[in-house]
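Have a look at the structure below before the remarks.
As the structure lists them, so they are numbered: ligands from 1, and atoms in each ligand from 1.
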Amino acid sequence: MVKSLNIAHRGFSGKYPENTMIAFRKAVEAGCDGIETDVHITKDGAIVVCHDEMVYRTTNGQGSIKDLTYDEIKKLDAGIKFGEEFKNTSIPDIDEFMDYVKDKNLLVNIELKNGIINYKNLEKRIIEKIYEYGLKDNVILSSFNHYSMVKVKEIDSSIKTGLLYAANIYKVHEYAQKVSADALHPYFPSVMNEDIVKEIKDSNIAINTYTVNEEKYMRRLMELGIDGIITNYPDVLKRIIDESERIVV
Ligand code: G3P
Ligand code: MG
């Protein structure tokens with residue numbers, strides 16, 4: 001059986017406040033092989049790590065990241081809504097995140113959150129950061145905005161891209177080749193099918209599925225030879241991967 005990579009979705013977001021440094025540290029402690037995170041740009045041009053366009057769900061603040069300055073964002077508490085014990089946890093900026101992952105030999109999946117807001121030069125600026133931190137071999141960029149993934153390839157064809165999608169796209173491997181993507185990042189039910197997985201893998205395109213939190217689906221996707229499994233529970237997936245390796249031996 002091909003070993004699937006254990007990719008922590010927004011860090012260890014099942015047990016810690018999503019997209020925060022503690023969630024990233026705890027994911028690494030749990031034995032993940034990679035981290036998935038999401039990025040936006042503030043009103044004054046800082047790249048920050050957060051899932052939503054707006055801050056009200058995950059922090060004690062209000063408003064959209066694009067309308068808030070970096071200083072305003074940094075004052076928000078991104079832990080308190082998850083639990084009192086996480087009080088005074090801040091939204092990380094891209095440098096805190098990259099500085100943390102740079103020497104850990106992780107797969108780093110940075111999702112550009114530019115499906116709703118087309119942040120100016122986000123692609124170019126993230127690519128510059130990838131080089132600044134020497135993370136080219138580790139990073140795969142992804143987005144639901146496939147125009148953005150084409151733009152990444154136009155800027156630098158050696159940067160890896162993954163196409164996020166949730167539908168059952170017909171001959172999706174042909175589409176991926178058309179836009180020069182290195183990987184597909186489907187919502188996992190779209191690839192729970194041996195023939196579809198085979199077509200994609202025969203085209204030399206990797207598959208990293210989101211968001212897989214139930215053990216039975218983790219096991220099935222591993223049997224199918226999925227390259228990367230994005231999960232809120234890297235501890236559970238680590239146990240399942242370790243068990244499957246013991247069975248093979
Ligand atoms: O990148 C996988 C997954 O994060 C995509 O959806 O909404 O959780 O960012 P979302
Ligand atoms: Mg994401």
Side-chain angles (χ1 to χ4, degrees), residues 4-21 23-24 27 32-41 47-59 64-66 78 81-82 91-94 97-98 101 106-119 122-123 126 130 135 138-149 152 159-169 172 176 179 181-192 200 205-214 217-218 221 226-234 236-237:
S4 303
L5 293 178
N6 178 354
I7 305 170
H9 182 236
R10 311 179 196 173
F12 194 159
S13 60
K15 287 197 188 155
Y16 300 91
E18 66 181 58
N19 279 329
T20 63
M21 293 313 299
F24 302 136
C32 71
D33 303 301
I35 291 178
E36 187 268 358
T37 191
D38 312 282
V39 293
H40 298 259
I41 300 183
I47 302 175
V48 292
V49 166
C50 188
H51 180 268
D52 302 358
E53 286 73 20
M54 302 180 83
V55 296
Y56 71 89
R57 181 179 62 86
T58 55
T59 78
S64 296
I65 294 172
K66 72 172 178 45
K81 281 200 167 164
F82 198 85
I91 289 181
D93 61 44
I94 192 68
F97 175 73
M98 285 198 161
V101 295
L106 294 165
L107 172 74
V108 179
N109 175 202
I110 301 175
E111 181 185 347
L112 307 188
K113 278 289 179 202
N114 50 9
I116 297 172
I117 298 162
N118 200 359
Y119 295 107
L122 180 56
E123 298 87 355
I126 282 287
I130 292 170
L135 281 165
N138 300 74
V139 171
I140 180 162
L141 299 180
S142 62
S143 180
F144 286 98
N145 181 343
H146 300 176
Y147 288 91
S148 174
M149 294 297 93
V152 166
I159 298 288
K160 288 195 270 302
T161 59
L163 306 176
L164 280 160
Y165 65 101
N168 293 59
I169 298 175
V172 69
V179 298
D182 301 277
L184 288 164
H185 287 207
Y187 178 44
F188 72 91
S190 315
V191 287
M192 294 286 253
I200 297 169
I205 293 163
I207 311 174
N208 301 313
T209 54
Y210 74 95
T211 302
V212 189
N213 294 327
E214 286 187 53
Y217 296 129
M218 290 173 179
L221 291 163
I226 296 294
D227 299 277
I229 298 178
I230 302 174
T231 180
N232 295 347
Y233 296 96
V236 174
L237 183 52

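- Atom numbering of ligand 1 starts at 1 in the shown order; those under 4.0 Å from a heavy atom of Asp38 are 9 (O).
- In summary, the side chains of His51 and Asn19 do not present any donor paired with an acceptor at a separation below 3.5 Å, with no hydrogens or angles considered.
- If you number the atoms of ligand 1 from 1 as listed, the ones under 4.0 Å from a heavy atom of Arg10 come out as 7 (O), 8 (O), 10 (P).
- Given atom 1 (O) of ligand 1, the protein heavy atom at minimum distance is Glu36 OE2, 2.8 Å.
- The closest side-chain heavy-atom distance from Asn145 to Leu112 is not below 4.5 Å.
- With hydrogens left out, the protein atom closest to atom 5 (C) of ligand 1 is Glu111 OE1, 3.4 Å, a heavy atom.
- The shortest heavy-atom distance from His185 to ligand 1 is not under 4.0 Å.
- Within the set Lys113, His51, His9, the minimum heavy-atom distance to atom 3 (C) of ligand 1 is found for His9.
- Put simply, the side chain of Ile126 reaches to within 4.5 Å of the side chain of Ile94, judged on heavy atoms.
- Using a 4.5 Å heavy-atom cutoff, the side chains of Ile159 and Leu141 are in contact.
- Residues Ser64 and Met54 approach most closely at OG-CG, 3.6 Å, considering heavy atoms.
- Annotation: atom 6 (O) of ligand 1 to nearest protein heavy atom, Phe144 CE1, 3.7 Å.
- Geometry about the Mg ion (ligand 2) gives an angle of 90° between OE1 of Glu111 and OD1 of Asp38, rounded in steps of 10 degrees.
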Verdict with reasoning, Phe82 to Tyr16, per ring pair (Phe, Tyr, Trp, His ring centres under 6.0 Å): CA-CA 7 Å; Phe82 198 85; Tyr16 300 91; 7.5 Å; no
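- Assignment of Tyr187 to the shell around ligand 1 is not supported, since no heavy atom sits closer than 4.0 Å.
- Taking the N/O/S atoms of Glu36 in turn, the shortest distance to the Mg ion (ligand 2) belongs to OE2.
- We find that Glu18 and Arg57 are joined by a salt bridge, their nearest charged nitrogen and carboxylate oxygen being less than 4.0 Å apart.
- The aromatic rings of Tyr210 and Phe144 stand perpendicular to each other, their planes meeting at an angle above 60°, with 30° marking the opposite boundary.
- Polar contact check, Tyr210 against ligand 1: no nitrogen or oxygen pair lies under 3.5 Å apart.
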